[in-house]
Amino acid sequence: MACGVSKNLENICAELGARLTDPRRDVFAVIAKADKPVGAYDVLRLMPEGTKPPTVYRALEFLESVHLIHRIESLNAYVLCCDGHGHEHSAQFAICQSCGDVQEMQIPALEKILKDSHFKGVGFKPLATSMEIRGVCMKCDDHNAPSV
């Protein structure tokens with residue numbers, strides 16, 4: 001996933017009043033360097049020797065809670081938040097079924113619809129939203145297009 005966002009993890013954690021531990025820094029670095037969504041055990045394999053699964057899961061939970069990464073539910077994997085500000089927002093993800101690329105999008109009109117009163121009739125208040133849209137990216141679509 002290439003979102004082109006360069007983050008200063010230390011500054012974001014300081015702004016949020018959050019403690020930055022070595023495992024949190026290491027997990028963030030693994031996800032930031034990845035070009036595709038990475039699962040927890042993929043992260044674990046790239047961590048310093050001796051790192052245990054609970055350490056990775058706690059770091060992932062922390063990074064997600066401060067909105068620096070997103071969990072792609074259908075892939076059970078994580079990506080860097082391209083927003084870059086460490087604050088909560090709804091996110092939509094375009095997932096290429098061919099190459100596995102994931103692009104984060106923000107569609108304000110969709111967010112407004114979801115936060116509007118549409119849920120009041122059923123007694124429900126949405127707190128967070130995430131949408132995953134599967135398809136084929138332009139690169140793969142162009143590659144698979146028949147030659148003329």
Side-chain angles (χ1 to χ4, degrees), residues 1-21 23-47 51-144:
M1 175 175 174
C3 64
V5 173
S6 174
K7 295 183 181 215
N8 185 327
L9 182 59
E10 289 81 9
N11 287 346
I12 291 171
C13 285
E15 288 172 15
L16 297 171
R19 193 167 145 247
L20 182 59
T21 62
R24 290 173 177 177
R25 182 181 287 110
D26 293 342
V27 167
F28 183 84
V30 167
I31 294 170
K33 289 177 188 172
D35 59 350
K36 301 260 189 266
V38 289
Y41 278 90
D42 297 323
V43 172
L44 180 62
R45 279 190 285 280
L46 297 169
M47 293 289 286
T51 303
K52 302 289 185 216
T55 301
V56 170
Y57 281 108
R58 282 192 300 269
L60 289 168
E61 184 178 287
F62 166 77
L63 293 169
E64 190 176 11
S65 76
V66 296
H67 314 293
L68 293 172
I69 63 172
H70 294 288
R71 182 170 184 260
I72 307 295
E73 300 286 334
S74 66
L75 302 175
N76 197 22
Y78 298 86
V79 294
L80 194 64
C81 175
C82 289
D83 183 22
H85 300 296
H87 66 271
E88 185 174 0
H89 62 90
S90 70
Q92 297 80 44
F93 301 97
I95 304 170
C96 180
Q97 292 189 153
S98 183
C99 69
D101 186 44
V102 175
Q103 295 296 318
E104 179 181 350
M105 304 176 300
Q106 290 182 322
I107 305 171
L110 182 57
E111 189 169 351
K112 182 180 179 341
I113 289 168
L114 292 172
K115 288 191 176 182
D116 261 349
S117 61
H118 298 283
F119 291 97
K120 286 183 182 175
V122 294
F124 185 81
K125 177 183 175 183
L127 300 175
T129 59
S130 175
M131 181 181 292
E132 299 176 18
I133 304 157
R134 294 191 166 275
V136 180
C137 71
M138 268 203 267
K139 184 178 82 178
C140 291
D141 196 38
D142 288 345
H143 179 68
N144 294 326

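FYI, side chains are in, hydrogens and waters are out, and symmetry mates aren't considered; it's all heavy atoms of this structure. Worth saying up front: this structure is predicted, and the values here are computed from it rather than measured.
The distance from the OG atom of Ser130 to the CD atom of Glu104 is 9.0 Å, given to the nearest 0.5 Å. Atom NE2 in His70 sits 8.5 Å away from atom CG in Leu80 (nearest 0.5 Å).
Using a 4.5 Å heavy-atom threshold, the side chains of Leu68 and Ile31 count as separate. Considering only heavy atoms from C-beta on, Asp101 stays 4.5 Å or farther from Lys139 through its side chain. The shortest distance between side-chain heavy atoms of Phe93 and Ile72 falls below 4.5 Å.
Across every non-hydrogen atom of Ile95 and Val102, the tightest pair is CG1-CG2, 4.1 Å. Across all non-hydrogen atoms, the minimal contact from Val56 to Met47 is CG2-CG, 4.0 Å. Taking both residues in full, the closest heavy atoms of Thr51 and Leu44 are given as O-CD1, 3.2 Å, listed atom of the first, atom of the second, then distance. Across all non-hydrogen atoms, the minimal contact from Glu132 to Glu73 is OE2-N, 2.7 Å. When all heavy atoms are compared, the tightest approach of Ala59 to Pro23 is CB-O, 4.0 Å. For Gly100 against Pro37, the heavy-atom pair with the smallest separation is O-CD, 3.8 Å.
A side-chain donor-acceptor contact under 3.5 Å links Arg24 to the backbone of Arg19.
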Residue pair Ile107, Met131: steps toward the side chain to side chain contact (heavy atoms under 4.5 Å, CB included) verdict: CA-CA 11 Å; Ile107 305 171; Met131 181 181 292; over 6 Å; no

Worked check of side chain to side chain contact (heavy atoms under 4.5 Å, CB included) between Tyr41 and Arg45: CA-CA 6 Å; Tyr41 278 90; Arg45 279 190 285 280; 4.2 Å; yes

Worked verdict on Val27 versus Phe62 for side chain to side chain contact (heavy atoms under 4.5 Å, CB included): CA-CA 10 Å; Val27 167; Phe62 166 77; over 6 Å; no

Side chain to side chain contact (heavy atoms under 4.5 Å, CB included) between Val79 and Lys36, intermediate numbers included: CA-CA 7 Å; Val79 294; Lys36 301 260 189 266; over 6 Å; no

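More than 12 heavy atoms of other residues, nucleotides or ligands sit less than 6.0 Å from atom CZ of Arg134. In the displayed structure, Glu61 atom CD is contacted under 6.0 Å by at most 12 heavy atoms of other residues, nucleotides or ligands.
Considering Val30, Leu20, Leu63 in turn, Leu20 is the only one that fulfils the side-chain contact (heavy atoms from CB on, under 4.5 Å) rule with Arg25.
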